[in-house]
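This report concerns only the one structure given below.
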There are 2 protein chains.
Amino acid sequence: LQEVLHMNGGEGDTSYAKNSSYNLVLTKVKPVLEQCIRELLRANLPNINKCIKVADLGCASGPNTLLTVRDIVQSIDKVGQEEKNELEHPTIQIFLNDLFQNDFNSVFKLLPSFYRKLEKENGRKIGSCLIWAMPGSFYSRLFPEESMHFLHSCYCLQWLSQVPSGLVTELGISANKGIIYSSKASPPPVQKAYLDQFTKDFTTFLRIHSEELLSRGRMLLTCICKGDESDGLNTIDLLERAINDLVVEGLLEEEKLDSFNLPLYTPSLEVVKCMVEE
Amino acid sequence: LQEVLHMNGGEGDTSYAKNSSYNLVLTKVKPVLEQCIRELLRANLPNINKCIKVADLGCASGPNTLLTVRDIVQSIDKVGQEEKNELEHPTIQIFLNDLFQNDFNSVFKLLPSFYRKLEKENGRKIGSCLIWAMPGSFYSRLFPEESMHFLHSCYCLQWLSQVPSGLVTELGISANKGIIYSSKASPPPVQKAYLDQFTKDFTTFLRIHSEELLSRGRMLLTCICKGDESDGLNTIDLLERAINDLVVEGLLEEEKLDSFNLPLYTPSLEVVKCMVEE
């Protein structure tokens, strides 16, 4: 899965860059990001006043990727100035991570103008913010042990490392007929298979990346969680309906729909809280 | 220039990946690489037995890029074993650098199979060799100060940071008529302009990257130098002849040829030696 899954690259009509509303999420995250950076800077980690090492896990492609980077850089500079602890302009190393097929080229092409903008608007000299890429699955080791100050990930942990096993009965029949993920309509064993996979993946994520953080380093993870039962249809439900319509209209074989399950899970807020506390 | 120049991406008939004979060069470089790694490991730099930080400056795209990485990893493991200094399997961080338009995607797509091959053939566990990208010009700051153990660059320094100025006379006439680089046939002022640009660029390169190296870290630079005067035509001479033929056949305007100069210079061995010693 990790060798094929990716957001749609480029800048065409169906690209991630043109269709994501990620920037709305970032606006909500920004105050929390600043608070997180404040705590990080006050913790006085080794080498942090010379060079802050930050990663964005699941960075995707196109302009959105650099919106996150901009917010992180602005937060570090703003909080650094407020705290007046000589941290006003340390070098910032930002590592962008996503899967191997992610369109990193589309991000790199934007970097020259992004660097110039940072210099013009934020007084960040060219060369004082260095943007790198680290392709690979965030469910595996990405950075050397105890090497990072701050890890950021926003709207990514709903992507599982694989489609859960156990979505087909012993008789080879789909246990999630007509459904493409763990929805309210899925049978309990399907919901459990998805929850188990999420639990396994999120545990792996927390274990691996906490090893990569320096002691007292920080992680800011923004997850999509299940809403109230009263919530209406989400995007995936709509996609599911559309695919079901294709089956009804005879444009798609029913078996294909039945065997298709997204590697996607939105946990409840309680599950996430509980796992982080553990 | 640094925002447009790049090797031809992808894997098509005209791609760099399909047309480069870079692997022949690597074979010649390998013994020197091993010697360089041996000296590096004996110098006992800070943190090197935990994590070796290496960069390949001007990595280009496609399979060739990973041939260099493979040679570096193999050399570190081989020499580490020979020296039996607990350095047999430190984590290796390899930073691939090239300009912003370089086709990094084509390299990243090859990484999963490359990591598996390293594990199978070299016993390098997945996660013990981490490959990253750092897009940008190698004539500017790429890494934090005193952060790198080893910098490698092969067949790249012939690319200048810009076409030299002064290739047009005060009257707006090309000083390098019918010629597309600093060839034997170029007038002395053109040859001097190119040499000056090379001297400036190479000095910048050495200054910036020596600041990025840890004390007693090492650089291995393989440059293309001018051969004997008796040498025949090189690839650029042939390209120049072909472009001149297009002009003669009326397929290209003479002014376009006259105003076209490659940002490319091959210095003499003496010039390079002299500059490194300085």
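Proteins come first, then strands; the chains are lettered A, B, ... in the order of their sequence lines, and each starts at number 1.
For B:Phe95, the part sitting under 4.5 Å from any heavy atom of chain A is the side chain, from C-beta outward, and nothing else. Only the side chain of B:Lys53 comes within less than 4.5 Å of a heavy atom in chain A; its backbone stays farther off. Contact annotation for B:Leu142: only backbone heavy atoms (N, CA, C, O) come within less than 4.5 Å of a heavy atom of chain A. In this structure, no portion of B:Leu96 lies under 4.5 Å from any heavy atom of chain A.
Rounding to the nearest 0.5 Å places CZ of A:Phe143 at 9.0 Å from CD of B:Gln93. In this structure, CG on B:Leu99 lies 13.0 Å from NZ on A:Lys109, to the nearest 0.5 angstrom.
Under the 4.5 Å side-chain criterion, counting only non-hydrogen atoms from C-beta, B:Met134 is in contact with A:Trp132. Contact of the A:Pro144 side chain with the B:Lys50 side chain is not registered, since no non-hydrogen atoms from C-beta on lie closer than 4.5 Å.
Looking at B:Asp103, its side chain never comes within 3.5 Å of a backbone N or O of A:Asn105 through a donor-acceptor pair.
In terms of heavy-atom pairs under 4.5 angstrom with chain B, the leader among A:Gly136, A:Pro112, A:Cys51, A:Gly127 is A:Pro112. Considering only heavy-atom pairs separated by less than 4.5 Å from chain A, the leading option among B:Ile126, B:Ile131, B:Val107 is B:Ile131. Taking B:Leu110, B:Leu130, B:Asn102, B:Thr91 one by one and counting their heavy-atom pairs under 4.5 Å with chain A, the maximum is reached by B:Leu130. The most heavy-atom pairs under 4.5 Å with chain A, out of B:Pro135, B:Ser147, B:Ser140, come from B:Pro135.
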